[in-house]
Amino acid sequence: IHKNIYLRDILYKSYKWLQNVIFRNYKLPLDFQEHLFYNLIKHLFEMICMRICDTVNSKLYKNDRAILHSDCNCFYASVECLLNPNIRDLPVAVSGDAENRHGIILAKNEEAKKYNIKTGEAIWQAKKKCPQLLTVPARLDVYKKFSDKVRRIYSDYTDMVEPFGLDEAWLDISEDYKNDALTIAKEISQRVKDEIGITVSIGVSFNKIFAKFGSDYKKPDAITCITRDNYKTLVWNSPAGDLLYVGGATRKKLEQIGIYTIGDIANAPIGLLRTHLGKWGDLIYGFANGYDSSPVARIGEYSEVKSIGNSTTAVRDLKNLDDIKVIAYVLCDSVCRRMREQGFVGKTVCVSMRDTGLSTITRQHTLNTYTSLTSDITKAAMALFKENFDNKSPLRSIGVSVTDFAHNNIPRQMDIFSDERKIIAEEKLDKTLDKLKQRFGNYIIRPASLLTDRGLSAFNPKDEHTIHPVGYL
């Protein structure tokens, strides 16, 4: 990706240099600079750039990989309908616990989709669209078992299987089945249907991004091939939000600068994307142009941990900082315990806040030193909450995470303004509390401040932590 972007940057800078030389020597009128000359030279250089990039890439075509992305259709709901045939023909949705305010739709079957029910919307909203909607509680342990069964089928074809959540995975079959990718995709689809009883949609392409696009392009129980010859037709004409990692916020920023499709991203000046999206602009520009070359991880390989965090939806709205402090301490305690277990110290603390209107903001702060002390992380998180919390907008959920890691055995720079003896004592205290909680349970010892509202603090994010989809970035 970066080689192609660098090439385009060189050409763009050459164009700017030529423009300045001509303007300085010939003193062309300003309106002429802004219209005729500017647009003519701009389009000429962009055409040259694209041709050179395509020529460079064409030499790599013979080394293209065969990547599959398999997505289990309506996974949670499909498993529930398989285990209970009596509900198979009804509109069914798997949801969270409404009593604990986790009442959102996690998955729905094809019957429920007919009523335009959306994943992530509240149960009451879904039932307003479909009063006869049957909601069943999520059973993650059951879905994990079915996920393992599906992955065992994948592993019969390659050891390069990279999960993307419980229901999705990339497969690199280049080594043994490069020329038979479509045949293998059909075989996997049929085996999952026959041996497990659910269906999958599979994307076949030369990179992970387009393979993922292919699995989403047509559902359910479908196979879509994205090739060098058809990606500009299939992919570029689709909305920008269909590209992996272009979320709602990014899509809105793109629309503000007149970019609506994936093709618009691919053909936009890289400088424009970088100005509005930072380094994310470089990334999605490369994705849209098919430059992704990220490898598919092998079974058992784990990507480097880049962040550790927890979030929760509170049992009631958080109306003030005292409420937030109770939840934040529980989250920070969980995050820091997990960091210490894995031998990490972190430097950047991130918080997220979602209000009752489901609007979310995230903020972060980088500390001066690495730490895994619960008191340090809690202090930094609360400072962010105090700075960004609007008392007029109660919060529905909050989250805390830490990133920018180092191993806990790195030398620590001592600070003449810090009490090193106190830091060492707090480290010993945290480790002692970790041992107590590991042996006797999470609630064996807690700060007195959490007892001010037992309802808010009565949850255990560490033991109840769910692994959410993690990408390869």
Cationic N near anionic O, under 4.0 Å, [X] to [Y]:
X	Y	value
Arg396	Asp355	no
Arg316	Asp323	yes
Asp216	Lys212	yes
Lys437	Asp333	yes
Lys129	Glu121	yes
Lys144	Asp148	yes
Glu110	Lys219	no
Glu175	Lys178	no
Lys208	Glu162	yes

Margin query: Taking the ring of Tyr291 and the ring of Phe287, is the distance between their centroids below 6.0 Å?
Written below: no
Do [X] and [Y] make a side-chain contact, defined as non-hydrogen atoms from C-beta onward lying under 4.5 Å apart?
X	Y	value
Tyr217	Asp242	no
Thr356	Ser393	no
Phe146	Asp167	no
Phe459	Leu331	yes
Leu283	Tyr245	no

Notebook entry, point to check: If you measure from CD1 on Ile377 to SG on Cys336, what distance do you get to the nearest 0.5 Å?
Noted result: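 One gets 5.0 Å once the value is rounded to the nearest 0.5 Å.
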Check: In Å, rounded to the nearest 0.5 Å, how long is the span from OG of Ser95 to NZ of Lys108?
Finding: 13.0 Å
Checklist line | Criterion side-chain hydrogen bond (donor to acceptor under 3.5 Å, both in side chains) against Arg354, the qualifying member of Thr360, Thr362, Thr313 | finding: Thr360
Check whether [X] reaches the backbone of [Y] with its side chain - one donor and one acceptor, N or O, closer than 3.5 Å.
X	Y	answer
Ser147	Leu166	yes
Arg338	Gly309	yes
Ser352	Gly399	yes
Asn84	Glu80	no
Ser189	Ala185	no

Checklist line | side chain to side chain donor-acceptor pair (under 3.5 Å) assessment of Thr227 paired with Asp229 | finding: CA-CA 5 Å; Thr227 67; Asp229 296 324; 4.7 Å; no
Next item on the list: Could you list the residues that satisfy side-chain hydrogen bond (donor to acceptor under 3.5 Å, both in side chains) with Glu195, not counting sequence neighbours?
Entry: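 Scan of Glu195 (side-chain hydrogen bond (donor to acceptor under 3.5 Å, both in side chains), adjacent residues dropped) gives Arg191.
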Note to self: Going by the rule side-chain hydrogen bond (donor to acceptor under 3.5 Å, both in side chains), which residues pair with Ser201 if we only count those two or more places apart in sequence or in a different chain?
What the structure shows: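 Ser201: side-chain hydrogen bond (donor to acceptor under 3.5 Å, both in side chains) contacts with Asn73.
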Notebook entry, point to check: Between Phe164 and His69, how do the two ring planes meet: parallel, tilted or perpendicular, split at 30° and 60°?
Noted result: perpendicular
Next item on the list: Kindly determine whether Ile308 and Val402 satisfy side chain to side chain contact (heavy atoms under 4.5 Å, CB included), including the steps that lead there.
Entry: CA-CA 6 Å; Ile308 293 177; Val402 177; 5.6 Å; no
Note to self: Quiz question: by atom type and distance under 3.5 Å, do the side chains of Asp292 and Ser294 form a donor-acceptor pair?
What the structure shows: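 Yes, side-chain donor-acceptor contact under 3.5 Å.
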Check: Mind checking what makes side chain to side chain contact (heavy atoms under 4.5 Å, CB included) contact with Glu341, not counting sequence neighbours?
Finding: Lys462
